[in-house]
Each structure stands twice: as structure tokens, then as C-alpha cells.
Amino acid sequence: RFAPSPTGSLHIGSARTALFNFVFARHQGGVFVLRIEDTDMKRSLQVHEHSITRDLHWLGLSADEGPDVGGAYGPYRQSERAHIYEEGVLRLLAEGHAYRCFCSQERLDALKEDQLTRGRMPKYDRRCLGLTEEEVQQRLAAGEQATVRFRIPQGQVDYQDMIRGRLSFSADVIGDFIIKRTDGGFSYNYAVVMDDMGMKITHVIRGEDHVTNTARQLLLFQAFGVEPPTYAHHSMIHAPDGGKLSKRHGATSIGEFRDLGYLPEAMVNYLALLGWHPSDERELFRLPELVQEFTMDRVSKSPAVFDRDKLNWLNGVY
């Protein structure tokens with residue numbers, strides 16, 4: 001699945017993630033799912049969703065399931081799935097995997113500052129974990145606002161990453177994170193797990209900036225008693241100077257490259273070669289050829305470097 005947030009246009013890094021998911025799914029004879037993660041109501045705009053969908057179509061990466069085509073496991077926008085998230089929260093509360101927290105933001109900020117001052121990893125101190133159900137109901141009835149926190153179990157979180165191999169995290173450093181906010185909204189890590197379960201997602205290919213999120217998500221899958229997807233975390237795309245690719249390096253969105261006259265075949269070919277290498281010395285691949293050739297064992301852990309000269313050469317070829 002490819003799950004962008006409609007808070008901006010389709011960045012070249014996100015487009016590569018979509019491409020890897022698309023060709024992997026096609027190579028396996030699977031289904032490519034587009035999910036719109038629009039829970040950030042302030043920044044999510046329909047115009048951005050439309051531009052993302054348009055740019056994916058332009059690249060030839062049309063989804064088999066998604067907001068614009070439907071599917072058996074919709075809805076495919078997070079903003080339309082609140083009832084599903086609420087059911088999951090109630091289940092976690094009932095089974096003791098979650099609890100209500102009445103701590104104010106001021107207390108949480110002071111706690112974090114104190115922990116940092118003492119050289120400790122900031123995490124919630126479980127002050128509200130010991131509240132009885134009667135106390136919780138009394139405080140809710142009195143109009144107090146509460147978040148819902150996921151109760152982290154003790155032990156290690158281990159998983160096999162398709163690109164990075166065996167990864168291991170200590171659950172102790174994670175801390176009981178919020179899954180439902182006081183405004184009624186749901187956190188990213190929680191909503192993603194509910195969506196991946198509900199949409200029968202088997203494989204997740206995404207950037208290495210999500211590695212620590214994966215640990216949290218695996219613990220949620222464990223609490224629900226559901227087998228998690230297989231994960232692959234690819235490297236980021238760096239600018240030629242080694243820094244983060246940004247506007248100061250020129251065009252960074254797919255729409256900008258299209259408007260500059262680049263061809264979709266050239267963009268797809270170029271994006272595929274950012275972090276993936278074929279079995280031979282070939283450099284020219286159209287999308288159907290990529291589907292045939294693409295396997296995860298040829299995706300590199302090393303950062304990819306954006307080379308505009310290479311893109312220009314490919315565009316000239318096409």
C-alpha cells in the first residue's frame with residue numbers, strides 16, 4: 001500500500017515509494033492499494049489529494065483499490081474511518097491494553113523537561129495507569145478531558161526487515177503513547193495499524209524514517225492478536241551535496257517535473273534506479289519491464305543521490 005498525506009504535492013521521494021510498492025505488488029501478482037491519510041484536518045486539502053492521484057496516474061501507477069476506484073476494504077480515506085478507530089480503542093481499553101490519561105499538557109511538558117535534565121529518555125510515567133474504572137468514570141462525568149494511551153508491554157520488539165535484515169528495539173524506551181487525543185482524533189501509529197488490519201495489507205514498503213514507528217505498530221498488532229505485514233524500509237533520497245533534497249535544489253515534486261517537460265517513462269525509469277539495481281548493466285526500463293525485474297533483495301540500504309544529469313539523459317533517450 002501507498003499511503004500519502006494530502007498536505008502537499010507528490011514529492012519525488014514519495015513517488016519512488018509508490019513505484020516500489022506498485023512494481024513489488026505487480027511482480028508478486030498482488031494488489032496495489034492507495035490510502036489517503038488525511039487525519040491532519042488543518043493541513044489536508046482535497047486539491048492535494050487530487051494532484052497526488054493525478055500524478056500517480058501520469059506515472060502509470062494507478063491503484064487497484066483506493067478512493068477513486070473503490071474496493072472491498074474501504075473507505076480508503078482515514079477521515080472516513082473514525083467509527084472503525086473508535087471500535088478498536090474500546091476493545092483495547094476493555095482488554096487492558098490501553099487506559100485513559102488525564103494529565104495536562106503543562107504536566108507532560110514539565111515531566112519531559114525534568115527527564116531530559118536528568119539525562120533520561122523522555123516518556124510518560126504512567127501516572128494515570130493506576131486509576132480505577134470508577135475514578136475514570138467520575139472524572140469523565142465531571143467534564144475532564146482525557147487521552148487514551150496504549151500500554152506498552154515489557155520486552156523486545158524484533159522483526160525481519162526485507163531491506164535491513166533483523167531489527168530489534170527495547171519496548172522500555174518507547175513509552176505509553178497516545179492513540180486517541182482529547183479532540184477525538186486518532187494518532188498516526190494507531191490509525192495506520194487499524195487500516196493495515198482492515199485492508200488486509202501484507203507488505204509495507206516505506207522510508208527509513210518510519211523504522212521506529214514500526215516498533216510501535218508491531219506492539220499494536222500484537223495486542224490485537226493479528227499477524228503484522230512484512231516491512232521494508234528503503235533509504236532516503238539525498239541531494240548532490242549530501243543534504244535533504246529540497247526546493248533549493250530545483251524541482252522536487254512530480255507535477256513540477258511534468259510541467260518542465262519531463263516524460264513519465266523517464267521519471268519512472270529514473271526513480272527505479274534510485275536505490276535499486278537490476279541484475280545486469282541495463283539502465284533502460286519501461287514500467288512493464290520493471291515489474292518483471294524488480295525484487296527487494298536488490299534494493300540498497302545506502303542513501304540514493306539525486307542526479308539531475310542522469311534524469312536529463314534518460315529524458316533525452318525517451
Side-chain angles (χ1 to χ4, degrees), residues 1-22 24-25 31-57 59 61-89 147-148 150 177-181 183-221 224 226 228-229 231-234 236 253-255:
R1 50 83 166 167
F2 176 57
S5 297
T7 54
S9 52
L10 185 66
H11 187 270
I12 196 162
S14 300
R16 181 186 60 159
T17 299
L19 175 64
F20 280 8
N21 278 279
F22 178 90
F24 177 79
V31 172
F32 175 56
V33 179
L34 174 65
R35 182 169 75 224
I36 300 296
E37 298 189 342
D38 57 350
T39 50
D40 185 345
M41 301 307 290
K42 291 179 182 174
R43 296 172 60 228
S44 295
L45 298 174
Q46 203 167 42
V47 65
H48 294 319
E49 180 185 328
H50 289 158
S51 75
I52 289 169
T53 305
R54 179 198 64 207
D55 291 346
L56 288 173
H57 282 305
L59 291 170
L61 310 180
S62 299
D64 302 306
E65 296 178 23
D68 55 340
V69 291
Y73 304 109
Y76 293 92
R77 293 185 186 90
Q78 285 190 334
S79 58
E80 298 169 7
R81 298 176 63 83
H83 62 291
I84 299 170
Y85 304 148
E86 185 62 28
E87 288 173 11
V89 165
T147 60
V148 178
F150 178 64
F177 58 90
I178 292 170
I179 58 175
K180 184 180 180 182
R181 300 186 295 269
D183 64 2
F186 301 90
S187 72
Y188 164 77
N189 281 305
Y190 170 71
V192 160
V193 168
M194 293 299 292
D195 292 341
D196 285 347
M197 286 195 303
M199 296 176 188
K200 313 290 186 191
I201 300 300
T202 60
H203 293 77
V204 175
I205 303 169
R206 58 189 180 185
E208 64 185 350
D209 51 331
H210 283 285
V211 165
T212 52
N213 284 331
T214 300
R216 293 178 173 85
Q217 291 165 25
L218 286 168
L219 290 171
L220 280 164
F221 278 109
F224 282 113
V226 174
Y231 291 93
H233 294 90
H234 60 65
M236 310 305 282
S253 76
I254 294 300

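Keep in mind that the numbers below use all heavy atoms, side chains included, and drop hydrogens, waters and symmetry copies. Counting begins at 1 with the first residue of the sequence.
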Restricting to non-hydrogen atoms, name the atom on [X] and the atom on [Y] that form the minimum distance, rounded to 0.1 Å.
X      : Y      : value
Arg206 : Thr17  : CA-CG2, 4.0 Å
Ser9   : Ser253 : OG-CB, 3.4 Å
Leu34  : Pro67  : O-CD, 3.5 Å
Tyr73  : Arg81  : O-NH1, 3.5 Å
Ile52  : Pro4   : CG2-CG, 4.0 Å

Value rounded to 0.5 Å, distance of [atom1] in [X] from [atom2] in [Y]:
X      : Y      : atom1 : atom2 : answer
Leu219 : Thr214 : CG    : OG1   : 11.0 Å
Ile178 : Asn189 : CD1   : CG    : 12.0 Å
His233 : Ile205 : NE2   : CD1   : 10.5 Å
Leu59  : Arg16  : CG    : CZ    : 14.0 Å
Ser14  : Asp55  : OG    : CG    : 11.0 Å
Ile179 : Phe186 : CD1   : CZ    : 8.5 Å

(message) Salt bridge or not between Arg1 and Glu65? Use side-chain N to carboxylate O under 4.0 Å.
(response) no

(message) My understanding is that only residues two or more places apart in sequence, or in another chain, count here; which of them pass side-chain hydrogen bond (donor to acceptor under 3.5 Å, both in side chains) with Thr7?
(response)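 Partners of Thr7 by the side-chain hydrogen bond (donor to acceptor under 3.5 Å, both in side chains) criterion come out as none, since no residue qualifies.
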
Kindly indicate whether the side chain of [X], heavy atoms from C-beta on, has any atom under 4.5 Å from the side chain of [Y].
X      : Y      : answer
Leu19  : Leu61  : yes
Met199 : Arg35  : yes
Phe32  : Ser62  : no
Tyr190 : Val89  : yes
Asp68  : His57  : yes
His234 : Glu208 : no

(message) Under a 3.5 Å threshold, yes or no: a donor from one side chain and an acceptor from the other, between Asp195 and Tyr85?
(response)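 Yes, a side-chain donor-acceptor pair sits under 3.5 Å.
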
(request) Decide yes or no on side chain to side chain donor-acceptor pair (under 3.5 Å) for Asp38 and Gln78, but give the supporting numbers first. (result) CA-CA 6 Å; Asp38 57 350; Gln78 285 190 334; over 6 Å; no

(message) By the ring-ring contact (aromatic ring centres under 6.0 Å, His included) test, which pairs, at least two apart or in different chains, include something from residues 196-221?
(response)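 Residue pairs with at least one partner in residues 196-221: Phe24-His203, Tyr188-His210.
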
